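One structure is given below, encoded as structure tokens.
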There are 2 protein chains.
Amino acid sequence: MPRYSRQREAIRKQVSNRKDHPTAETLYAELKPKNPELSLATVYRNLNQLVEWGEVARIDACGAARFDWIVEPHSHFFCRECGCVVDMPEADDKLPRDIAERFDGVIESSASNFFGLCRECMEKLERESRS
Amino acid sequence: MPRYSRQREAIRKQVSNRKDHPTAETLYAELKPKNPELSLATVYRNLNQLVEWGEVARIDACGAARFDWIVEPHSHFFCRECGCVVDMPEADDKLPRDIAERFDGVIESSASNFFGLCRECMEKLERESRS
DNA sequence: TCGATAATGATAATCATTATCACTAACAAG
DNA sequence: CTTGTTAGTGATAATGATTATCATTATCGA
């Protein structure tokens with residue numbers, strides 16, 4: 001029996017309008033100007049709620065949690081230089097299936113994380129090393 | 001130019017003597033009795049150092065970081081009930097190879113994380129639900 | 001033996017997140 | 001429409017993991 005709330009609606013909308021994977025803090029900063037009364041705790045609270053309801057997905061890795069309105073499980077790439085997070089849809093599902101069968105327990109979810117440099121940072125570092 | 005230190009040696013030894021994946025706090029608790037002067041900060045400091053030198057690996061997921069003297073990258077299973085961490089060597093290397101080729105940047109490492117219930121917890125919960 | 005400085009221990013600080021709690025607002029029932 | 005129940009909020013204290021600070025100690029080459 002959840003009730004309507006202006007704040008939750010704004011948070012839901014903000015997450016679904018973004019193609020990248022914002023943190024709670026980022027969402028808060030973006031929403032604050034047009035919702036001056038908004039509290040950071042409310043952002044965290046509602047994100048947890050939305051995750052629980054399966055409306056958004058939480059991406060855990062590299063410090064702060066990030067949120068994604070694409071709830072189908074998929075892998076991510078994390079750039080160690082700029083901290084950006086990129087979807088890696090190619091890497092999915094092939095792996096977990098047969099692993100899960102062999103495993104001596106219950107596998108409820110899985111996530112493959114990739115770490116390194118995104119193209120922008122790779123090119124930037126290459127440029128810098130030529131000097 | 002790192003120098004010898006009794007504390008680092010004790011930490012190194014403690015990590016390599018364990019087959020599970022202890023947290024910094026756990027290692028501290030285990031070492032403290034025989035090294036009463038040891039500080040938690042020293043444990044963190046040295047673990048970071050050892051990771052940087054490639055002597056131990058850091059496993060990031062589910063709250064506190066865990067440490068592993070097996071540095072070859074491999075996947076892990078995390079039990080949501082008891083919090084145990086189990087090696088999943090079967091899940092490795094199949095995935096990253098062809099992904100890395102297609103990726104528009106540099107993939108330096110990858111890790112597949114599995115979440116769910118370990119056998120013990122699965123059985124315990126089954127038993128509890130029959131009552 | 002000495003001196004430069006790596007390493008330590010104690011603890012304050014930080015960062016992300018959760019808990020608390022008095023207050024506000026949604027909304028079903030009267 | 002007025003209400004009563006209680007979900008939701010905002011402000012902030014508390015937490016947990018980790019890092020920074022800093023005065024002191026210890027390593028080790030000169």
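Below, read A as the first sequence line, B as the second, and so on, with proteins coming before strands; counting in each chain starts at 1. All figures in this text were calculated on a predicted structure; none of them were measured in a lab.
- Side-chain proximity of B:Y4 to D:dT18, D:dT27, C:dT17: nearest is D:dT27.
- Between B:R58 and B:R6, it is B:R58 whose nearest contact on DNA chain D lies nearer the 5' terminus.
- B:T42 and B:I11 get closest at one heavy-atom pair: O-CD1, 3.9 Å.
- For B:K13 and B:E9, the salt-bridge test fails: no basic side-chain N is under 4.0 Å from an acidic carboxylate O.
- Of the candidates C:dT18, C:dA7, D:dA17, the closest approach to any side-chain atom of B:P2 belongs to C:dA7.
- In this structure, CG of A:L27 is placed 15 Å from C1' of C:dT17, rounded to the nearest angstrom.
- A donor-acceptor contact under 3.5 Å links the side chain of B:R45 to the base of C:dG9.
- Rounded to whole Å, the distance from CG on B:L40 to C1' on D:dT21 is 16 Å.
- Along DNA chain D, the nucleotide nearest A:E37 and the nucleotide nearest B:E25 are compared for position; the residue whose nucleotide lies closer to the 5' end is A:E37.
- Side chain of B:Q7, nearest nucleotide from D:dT9, D:dT19, C:dG9: C:dG9.
- Between the OH atom of A:Y28 and the P atom of D:dA11 there is a distance of 7 Å, given to the nearest Å.
- Remark: P of C:dA7 and CG of B:N46 are 8 Å apart, rounded to the nearest angstrom.
- An OP1 or OP2 oxygen of C:dT8 is reached within less than 4.0 angstrom by a side-chain nitrogen or oxygen of B:S5.
- In this structure, B:R66 atom CZ and D:dG16 atom C1' are separated by 14 Å, rounded to whole Å.
- As judged by a 4.0 angstrom heavy-atom cut-off over every strand, B:A41 is placed among the base-contacting residues.
- Nucleotide D:dA7 holds its P atom 13 Å from the CD atom of A:E52, rounded to whole Å.
- Here C:dA7 presents its C1' atom at 15 Å from CG of B:L47, a figure rounded to the nearest Å.
- Taking side-chain N and O atoms only, A:N48 has a distance below 4.0 Å to OP1 or OP2 of C:dT18.
- One atom, CZ of B:R3, and another, C1' of D:dT25, lie 11 Å apart when rounded to the nearest Å.
- Side chain of B:S39, nearest nucleotide from C:dA7, C:dG9, D:dG10: C:dG9.
- Between A:E55 and A:R8, none of the side-chain N atoms (NZ, or NE/NH1/NH2) sits under 4.0 Å from a carboxylate O, so this pair counts as no salt bridge.
- Separation of the A:F103 and B:F114 ring centroids does not fall under the 6.0 Å cut-off.
- Annotation for A:K32 and A:L38: closest pair NZ-O, 2.8 Å, computed over non-hydrogen atoms.
- A:Y44 comes within 4.0 angstrom of a base, heavy atoms only.
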